[in-house]
There are 2 protein chains.
Amino acid sequence: MDVSADACCAPLVSQPLNEAETMELAPLFKALADPVRLRLLSLIASHEGGEACVCDLTVPFDLTAPTISHHLKVLKQAGLIESERRGTWVYYWINPEVLARMSALLGPATALTGSPA
Amino acid sequence: MDVSADACCAPLVSQPLNEAETMELAPLFKALADPVRLRLLSLIASHEGGEACVCDLTVPFDLTAPTISHHLKVLKQAGLIESERRGTWVYYWINPEVLARMSALLGPATALTGSPA
DNA sequence: TCTCTAATTTGACACCCATCTATGCAGCAG
DNA sequence: CTGCTGCATAGATGGGTGTCAAATTAGAGA
């Protein structure tokens with residue numbers, strides 16, 4: 001369900017990823033490998049209050065509601081966003097830890113923290 | 001051919017990406033949305049001398065040489081790696097700028113540089 | 001209860017993708 | 001030139017994916 005911390009922070013360039021790590025990380029990148037999902041994530045993350053209702057997210061696209069719902073589900077299953085229903089509307093917000101982990105993975109080999117013990 | 005600097009550094013969370021930006025960025029993430037390519041990139045990036053021969057890259061996988069060649073082509077077309085033939089062997093190395101741009105995109109809204117003027 | 005709206009789920013379809021085998025091309029050594 | 005090796009390309013195939021229309025669930029209100 002969640003991508004635990006074993007594939008956490010060591011940058012891609014500092015040491016070779018093993019097969020298990022890449023099999024955990026690849027779905028994260030796959031979730032972002034679509035223009036609509038990339039924009040959805042950005043819309044949610046930059047939305048006032050840090051969360052957005054689906055009704056806000058459907059408007060900017062020339063896509064049907066089911067399609068947006070599908071992309072939101074993909075992002076959620078990847079762990080990039082979370083959601084909650086409040087009355088009539090469903091709200092989505094991002095999981096900043098996952099984004100930070102991906103950023104660190106692609107980033108330069110800054111201050112390589114070897115795994116303790 | 002290249003992903004120019006117009007989708008450079010503004011983090012995903014600081015402002016909504018527009019459609020054009022996401023259509024440039026999505027192929028980058030798509031190139032990383034595969035365990036084999038993720039591992040290939042890491043193997044190349046962390047290899048001694050900053051470059052690796054295809055012969056080094058084929059060994060760690062239970063895949064045929066054409067498949068590895070295909071994945072390298074995908075990474076190259078995305079602009080993540082470059083290559084050169086030297087005699088019998090072909091060497092690959094990463095394009096650190098593209099990785100840095102992706103890292104910045106996913107990273108926190110550090111030192112948001114508003115557009116000048 | 002009935003109805004309206006918000007959002008998701010289902011099923012279908014066209015398209016894309018990872019992998020393989022077979023083939024082709026480039027360089028080195030006789 | 002001939003043969004061998006490293007690597008890429010071509011074609012085929014099984015599985016995955018983005019999209020939509022139609023149906024379904026969940027909540028608000030009369």
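The chains referred to below are lettered A, B, ... by the order of the sequence lines, with proteins before strands, and numbering in each begins at 1.
- With a 6.0 Å radius and a threshold of 12 heavy atoms from other residues, nucleotides or ligands, A/Trp89 has its CH2 atom at or below the threshold.
- Atom NE2 in A/His71 sits roughly 6 Å away from atom C1' in D/dG18 (whole-Å rounding).
- The interatomic distance linking A/Leu75 (CG) with C/dT8 (P) rounds to 12 Å, in whole Å.
- Closest of all the heavy-atom pairs between A/Pro11 and A/Gly107 is CB-O, 3.5 Å.
- Across the protein-nucleic acid pair, B/Lys73 atom NZ and D/dG6 atom P stand 22 Å apart, rounded to whole Å.
- As judged by a 4.0 angstrom heavy-atom cut-off over every strand, B/Tyr91 is placed among residues making no nucleic acid contact.
- Other residues, nucleotides and ligands place more than 12 heavy atoms under 6.0 Å from the CD atom of B/Glu82.
- A/Trp89 places its CH2 atom 9 Å from the C1' atom of D/dA28, with the value rounded to the nearest Å.
- As judged by a 4.0 angstrom heavy-atom cut-off over every strand, A/Ile68 is placed among residues making no nucleic acid contact.
- Atom-to-atom, CG of B/Asp56 to P of D/dC7 comes out at 8 Å; the value is rounded to the nearest Å.
- Within 4.0 Å (heavy atoms only), A/Thr88 reaches sugar-phosphate atoms of the nucleic acid but no base atom.
- Residue-to-nucleotide proximity on DNA chain C shows that, of A/Arg85 and A/Thr67, the 5′-proximal contact is made by A/Arg85.
- Residue-level contact check: B/Phe61 touches neither bases nor backbone, having no heavy atom under 4.0 Å from any strand.
- OP1 or OP2 of D/dT19 has not a single side-chain nitrogen or oxygen of A/Thr64 nearer than 4.0 Å.
- The CD-C1' distance, from B/Glu84 to D/dC7, rounds to 15 Å in whole Å.
- If you check every strand for non-hydrogen atoms under 4.0 Å, A/Arg37 touches sugar and phosphate atoms only.
- Taking side-chain N and O atoms only, A/Lys30 has a distance below 4.0 Å to OP1 or OP2 of D/dT17.
- Atom NZ of B/Lys76 is separated from atom C1' of D/dA8 by 11 Å (rounded to the nearest Å).
- Hydrophobic clustering of Ile, Leu, Val, Met, Phe, Trp and Tyr side chains at less than 4.5 Å, counting indirect connections, unites B/Leu63 with B/Leu41.
- Contact between the side-chain N/O atoms of A/Ser69 and the OP1/OP2 oxygens of C/dA7 is not found at any separation under 4.0 Å.
- Close to D/dG6, at under 4.0 Å from its OP1 or OP2, lies no side-chain N or O of B/Tyr92.
- Between D/dC7, D/dG18, C/dA18, one nucleotide has an atom nearer to the side chain of A/His70 than all others, and that is D/dG18.
- If you check D/dC20, D/dC7, C/dT8 against the side chain of A/Leu63, the one that comes closest is D/dC20.
- Taking the charged nitrogens against the carboxylate oxygens, B/Arg101 and B/Glu24 have no contact shorter than 4.0 Å, which rules out a salt bridge.
- If you measure from atom CG of A/Asp34 to atom P of C/dC17, you get 12 Å, rounded to the nearest angstrom.
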